[in-house]
Amino acid sequence: MANNLKTSKKREERDFFERVYDIVARIPEGRVTTYGAIARHLGTGGSARLVGWALNKTLAGDRSLLPCHRVVNRNGELTGKAWFGGDIMEQLLRSEGVTFDKQGRVKMSVHLWEP
DNA sequence: AGAATGACACAGA
DNA sequence: CTCTGTGCCATTC
């Protein structure tokens with residue numbers, strides 16, 4: 001019997017992460033979004049932390065496919081810069097045309113993008 | 001099953 | 001505008 005009654009319940013990484021993955025992957029070049037904006041579209045609203053946490057998980061899987069460097073906090077600061085190691089995150093954003101203010105923060109008023 | 005953690009957000013001072 | 005404290009929701013041990 002090749003009938004699988006178990007129907008593989010492997011949807012552990014499906015639900016929350018895939019949604020974050022999908023949105024972040026849709027961020028256009030030269031634009032940035034915030035964790036709160038993503039969380040809001042996920043329906044989790046106040047679970048902005050989960051978004052960052054989700055990236056951490058995806059980071060262990062396919063980080064190259066996920067432009068997480070375009071995801072910043074509400075302050076426009078590159079919180080995940082530490083995860084990239086060095087100023088790679090800033091370099092990437094600048095390379096895409098993202099501008100920073102004197103405080104080293106992304107100009108949210110200019111590059112803020114919402115899903 | 002409960003406690004602890006986490007790449008934030010928001011409100012108040 | 002900046003800083004501090006609290007809450008959110010899901011995952012992990």
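Quick note on labels: first sequence line is chain A, next is B, and so on, each numbered from 1. Note that these values count all heavy atoms, side chains included, but never hydrogens, waters or copies made by symmetry.
Nearest nucleotide to the side chain of A:Phe17, out of B:dC10, B:dG6, C:dT11: C:dT11. Of the listed nucleotides (B:dA7, C:dC9, C:dT2), C:dC9 has the atom at the smallest distance from the side chain of A:Ser47. Proximity note for A:Cys68 (side chain, C-beta onward) versus B:dC10, B:dA9, B:dA7: the nearest is B:dA7. Among the nucleotides C:dC9, B:dA7, C:dT11, the one closest to the side chain of A:Trp83 is B:dA7.
If you check every strand for non-hydrogen atoms under 4.0 Å, A:Glu77 touches nothing.
Across the protein-nucleic acid pair, A:Arg19 atom CZ and C:dT11 atom P stand 12 Å apart, rounded to whole Å. Note: OH (A:Tyr35) to C1' (C:dC9) measures 16 Å, nearest angstrom. One atom, CG of A:Leu50, and another, P of B:dA4, lie 18 Å apart when rounded to the nearest Å. Note: OH (A:Tyr21) to C1' (B:dA7) measures 18 Å, nearest angstrom. For the pair A:Leu55 CG and B:dG6 P, the computed distance is 16 Å after rounding to whole Å.
Positionally, the nearest nucleotide of DNA chain C for A:Ala48 lies more toward the 5' end than for the other of A:Ala48 and A:Trp53.
Regarding contacts with the backbone of C:dC1, every side-chain N or O of A:Arg105 stays at 4.0 angstrom or more from both OP1 and OP2. Taking 4.0 angstrom as the limit, A:Gln103 places a side-chain polar atom (N or O) nearer than this to OP1 or OP2 of C:dT2. Put simply, A:Lys57 has a side-chain N or O that comes within less than 4.0 Å of OP1 or OP2 on C:dT12.
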